[in-house]
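Residue numbers start from 1 in every chain, and the chains themselves are labelled A, B, ... in the order their sequence lines are given, proteins ahead of strands. Owing to the predicted nature of the structure, the values given are computational and were not obtained by experimental measurement.
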There are 2 protein chains.
Amino acid sequence: MARAGLSPELLVRAGADLADEAGFEHVTLSEVARRCGVKVASLYSHLKNSHDLKTRIALLALEELADRAADALAGRSGKEALTALADTYRDYARVHPGRYTAARFRLDPATAADSAGPRHARMTRAVLRGYDLPEGEETAAVRLLGAALHGYVSLEAGGGFDHSAPDTQATWERTLDALDSLLRNWPAPDHT
Amino acid sequence: MARAGLSPELLVRAGADLADEAGFEHVTLSEVARRCGVKVASLYSHLKNSHDLKTRIALLALEELADRAADALAGRSGKEALTALADTYRDYARVHPGRYTAARFRLDPATAADSAGPRHARMTRAVLRGYDLPEGEETAAVRLLGAALHGYVSLEAGGGFDHSAPDTQATWERTLDALDSLLRNWPAPDHT
DNA sequence: TACTTCTCCCTAAAGGCTTTAGGCAAAGGG
DNA sequence: CCCTTTGCCTAAAGCCTTTAGGGAGAAGTA
């Protein structure tokens, strides 16, 4: 039998491409094997199981996304940085919808800690450094910003905006304007 | 054979409960049949197929969520309304995580149009009526608000906030303060 | 070069989920 | 009371995952 030259990296890449084409939920060892011209059982020498494949695709996506975000952020601050980070996420989700979904795959704590996840958190905090938020408000702002960006991108990808009127590019720009404005005018805690 | 008294409603309810217990991605006709004390093939008299079951669970969740939101919004406006709507979503997602996930299940356009989805959109717009947004900015605000709320709730549910410091209740309240403030001070389009 | 060892991919098989086809018996109308 | 309808069943085929065990290249050693 001619050797196919499999490796975890090759399989993960094939799985990630499959995710982008067919959706992350359709990523299957069988299909990956088929695409690599190999029998399913052969994959088990390189991957623990199906969950392992999905985890590795998630790690790949987080890494790719963090690399792009880091490039986009270099040398920018304030609204420019906000826009750069946001556009990076949105563009990635559009070009690589399956990978983007994979990036949300739930990882166990140890794996998550070793992933590029923390890099993403640091980059978000770096963007916020361009705004001077009150002491102790950073975590709330990180979460709001993360939520708004992820929420927008995932609703858009999920077709949630398909049946309402204005094109999503316009409302995306307004969303970034609004977030920028919010960060520049972060409200004091409301004690009513 | 004693009749089990199946019906689409019964099966959908069983499926929704299963989703809440095991996660929407583990909802399976086999498991639903098992829980109803019935063989799998029997389900096909009541449901078209597995996708049909998931669709119906999604419709149920959207409906339940819209009913609760409508109750919570009754008689409120401004920040009270915003908080009521937001808390409804968050509480529902915490008590019924599988149903909440199901509510994001992608529906075909015709089904979506007939679902409670449009009610949700109308309620969000109703909340915004309590703020006077500039002409033509409503859709952007609807999307930002929907994105922020869904994003927060889904990141929280997905464990995205598990490994950072402050408790999520506090940052949730700050998030709502921030969104309220943003809606009260919606920025003019930025022509820089 | 010839032999050994290891690695890689294969076949085989068991178990789970989905879906369709066809049967039997309980419910319910005439 | 019969008979039609309906509801749940058995059977079977197809696809996916996972484990066990085998054969043939590739690589190291003499």
side-chain N/O A/Ser50 vs D/dC16 OP1/OP2, d < 4.0 Å: no

Short side-chain N/O contact to C/dT7 OP1/OP2 from A/Ser45, under 4.0 Å: no

Carefully, step by step, assess A/Tyr131 and A/Asp180 under the rule side-chain hydrogen bond (donor to acceptor under 3.5 Å, both in side chains). CA-CA 9 Å; A/Tyr131 296 89; A/Asp180 173 64; 2.6 Å; yes

Of the listed nucleotides (C/dC10, D/dC9, C/dC17), which one gets closest to any side-chain atom of B/Thr28? C/dC17

Quick one: B/Tyr44 OH to D/dT10 C1', roughly how many Å, whole number? 16 Å

Length of the line joining A/Leu29:CG and C/dC9:P, which is rounded to integer Å: 15 Å

Of all the choices, D/dC8, C/dC9, D/dA20, which nucleotide is nearest to the side chain of B/Leu6 once you look at every atom? D/dC8

Parallel, tilted or perpendicular: which describes the rings of A/Phe24 and A/Phe105, with under 30° parallel and over 60° perpendicular? perpendicular

OP1 or OP2 of C/dT18 under 4.0 Å from side-chain N/O of B/Ser30: yes

Report the distance from atom CG of B/Asp52 to atom P of C/dT18, rounded to the nearest whole Å. 13 Å

Is a donor on one side and an acceptor on the other found under 3.5 Å between the side chain of A/Arg76 and the backbone of A/Ala72? yes

B/Leu11 CG - C/dT18 P separation (whole Å): 13 Å

B/Leu43 CG - D/dG7 P separation (whole Å): 13 Å

Taking the six-membered ring for Trp, are A/His96 and A/Tyr92 ring centroids under 6.0 Å apart? yes

Is B/Ser42 close enough to D/dC9 that one of its side-chain N or O atoms is under 4.0 Å from OP1 or OP2 there? yes

Both A/Lys48 and A/Arg34 contact DNA chain D. Taking the nearest nucleotide for each, which residue is further toward the 5' end? A/Arg34

Euclidean distance, atom NE2 of residue B/His26 to atom P of C/dT18 [Å, nearest integer]: 12 Å

In whole Å, what is the span from the CG atom of A/Leu47 to the C1' atom of C/dC8? 14 Å

Between A/Ala14 and A/Cys36 the two heavy atoms that sit nearest each other are CB-SG, 4.0 Å

Counting just side-chain N and O atoms, does A/His46 come under 4.0 Å of either OP1 or OP2 of C/dT7? no

Starting at NZ of A/Lys39 and ending at C1' of D/dC15, how long is that distance when rounded to a whole Å? 14 Å

